[in-house]
Structures are given as structure tokens and as C-alpha cells.
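Here is the structure we will look at, set down as C-alpha cells.
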Amino acid sequence: DQQVKQNSPSLSVQEGRISILNCDYTNSMFDYFLWYKKYPAEGPTFLISISSIKDKNEDGRFTVFLNKSAKHLSLHIVPSQPGDSAVYFCAASFASGTYKYIFGTGTRLKVLA
Amino acid sequence: KAGVTQTPRYLIKTRGQQVTLSCSPISGHRSVSWYQQTPGQGLQFLFEYFSETQRNKGNFPGRFSGRQFSNSRSEMNVSTLELGDSALYLCASSRSGQGNTEAFFGQGTRLTVV
């Protein structure tokens with residue numbers, strides 16, 4: 001039972017345009033969400049997070065949007081750069097619980113120069 | 001500040017053998033978690049340790065075990081290896097291990113079972 005889903009295995013975007021990566025979850029008790037980026041042969045790197053009390057969080061070129069009623073979050077990258085080409089994982093957790101992330105299966109983003 | 005260090009980076013083992021992987025967390029971090037990454041499956045949570053105690057465990061068979069030492073370093077052991085255990089094993093550390101904090105990952109150990 002996949003509680004966190006990333007339905008798009010891959011996405012290609014032109015350099016300078018917006019990249020939108022989507023993530024859906026099924027457990028309404030999740031209250032903290034994160035995005036990680038992973039390059040080949042490296043571990044995942046934390047990008048940005050959002051608490052369920054917010055619907056938007058921005059950090060430079062990265063913005064995460066949370067729609068609790070739809071159980072959906074998205075990561076926007078503007079403008080996209082070739083160095084953003086990587087696999088992006090969304091993860092969900094319980095803020096008050098002990099540490100355990102539930103990850104999606106990832107979306108491979110390719111930014112074309 | 002040194003990051004999360006995992007050793008070894010690569011391992012090749014034979015079916016039926018056992019293997020031990022090591023993880024040194026960021027200094028000051030007391031929570032260490034382990035994940036298995038396989039193609040198409042994303043990252044699957046194995047277990048989490050905090051101050052030498054296992055606080056959380058994922059849905060893996062008992063062949064997968066771990067421990068944490070007083071200096072927060074952690075080891076993961078897989079006994080009676082199967083071909084399906086071939087994966088990238090990732091370790092992550094965080095200061096408190098609370099669900100609303102980000103964790104920092106190591107580069108992983110690539111295990112190949114033949």
C-alpha cells in the first residue's frame with residue numbers, strides 16, 4: 001500500500017521554464033512533508049519542507065504547495081536550470097511522532113539546455 | 001562540518017552470506033535511520049535508532065537488524081542474503097529524530113548479491 005505516490009516517473013522541461021513535480025498521499029494524518037533531490041551515486045539532499053498548518057513555503061527558486069483537502073503537494077522550480085536534473089522524492093511524516101519518513105517512488109527531472 | 005559517512009560504498013556478496021553496513025552520523029545527531037532503495041520502489045524505511053534504542057521499525061523481515069552505539073554510530077546487518085536484497089542502503093541522521101525535522105543522508109552503500 002503506497003501511502004505517498006509520485007505518479008510521473010519522469011519529466012522534461014526547457015531551461016528557464018517552470019518545473020512542477022507532483023505528489024499525492026492517502027493518509028490524512030500526515031502533517032509534515034519534505035522534498036529531497038538525488039543525483040546518481042549520491043545520497044538524497046534535503047530541498048524544502050512544509051508543515052500542514054501552511055499551504056505554501058518558498059525558498060529561492062523552490063516553492064512547495066500543499067492542498068490538504070486534495071491530499072496533494074507540488075514542488076515548483078522557477079526558473080529551471082540544467083543542474084536541477086535529478087530524481088526528486090517527496091516524503092511525508094507525522095510531526096509529533098518519532099522519525100520515520102514515507103517516501104514516494106521519485107520523479108526524474110531532466111532540464112534541457 | 002562532516003556529513004553522514006557510510007562504509008563501505010560498494011559490496012558484493014553471495015546468497016546466504018551475511019553483511020554489516022556502517023553509518024557515522026553528523027556530530028551531535030542522535031537519531032539514525034536506515035532506508036533501502038530499489039528501482040521503482042523509492043526509499044523504504046527499515047528502522048530508526050535514538051540513543052541506542054530502536055524506536056521505529058519498517059516492514060522488513062527479521063533478517064534485517066541494526067544497532068546503535070553510545071557515540072551514535074550505527075550498524076545494519078542483513079543475514080542469509082537473498083538476491084532481492086540487492087539495493088542501495090541509505091543512512092540518515094537528525095538531531096532529535098522528531099518527525100518535523102529534516103534528516104541528512106549519507107551517500108549510501110550499494111549492495112549486490114550474486
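In what follows, every chain begins at residue 1, and chains take the letters A, B, ... in the order their sequences are listed.
- Considering every non-hydrogen atom in both A/Leu34 and B/Thr101, the closest pair reads CD2-O, 4.4 Å.
- Rounding to the nearest 0.5 Å gives a distance of 7.5 Å between CZ of A/Phe46 and CZ of B/Phe104.
- Contact annotation for B/Arg9: only side-chain heavy atoms (C-beta onward) come within less than 4.5 Å of a heavy atom of chain A.
- Considering only heavy atoms from C-beta on, B/Glu102 comes within 4.5 Å of A/Tyr101 through its side chain.
- Other residues, nucleotides and ligands contribute only 12 or fewer heavy atoms inside 6.0 Å of the CG atom of B/Asn59.
- The shortest side-chain heavy-atom distance between A/Lys38 and B/Phe105 does not fall under the 4.5 Å cut-off.
- Closest heavy-atom contact between B/Gly106 and A/Pro44: O-CD, 4.5 Å.
- Heavy-atom contacts from other residues, nucleotides or ligands closer than 6.0 Å to CD1 of B/Ile12 number 12 or fewer.
- Looking at B/Leu43, the atoms closer than 4.5 Å to chain A (heavy atoms on both sides) sit in the backbone and in the side chain alike.
- Residue A/Arg108 qualifies as open at atom CZ: its count of foreign heavy atoms under 6.0 Å is 12 or below.
- Of the possible polar contacts, none joining the B/Tyr35 side chain to the A/Phe103 backbone as a donor-acceptor pair under 3.5 Å is found.
- Other residues, nucleotides and ligands place more than 12 heavy atoms under 6.0 Å from the CZ atom of A/Arg61.
- A/Leu109 is not connected to A/Phe65 by any chain of hydrophobic side-chain contacts under 4.5 Å among Ile, Leu, Val, Met, Phe, Trp and Tyr, and they are in different clusters.
- In this structure, the portion of B/Gln37 lying under 4.5 Å from any heavy atom of chain A is its side chain and not its backbone.
- Surrounding NZ of B/Lys57 are more than 12 heavy atoms belonging to other residues, nucleotides or ligands, all under 6.0 Å away.
- Summarising the local packing, CZ of A/Arg17 is surrounded by 12 or fewer heavy atoms from other residues, nucleotides or ligands at distances under 6.0 Å.
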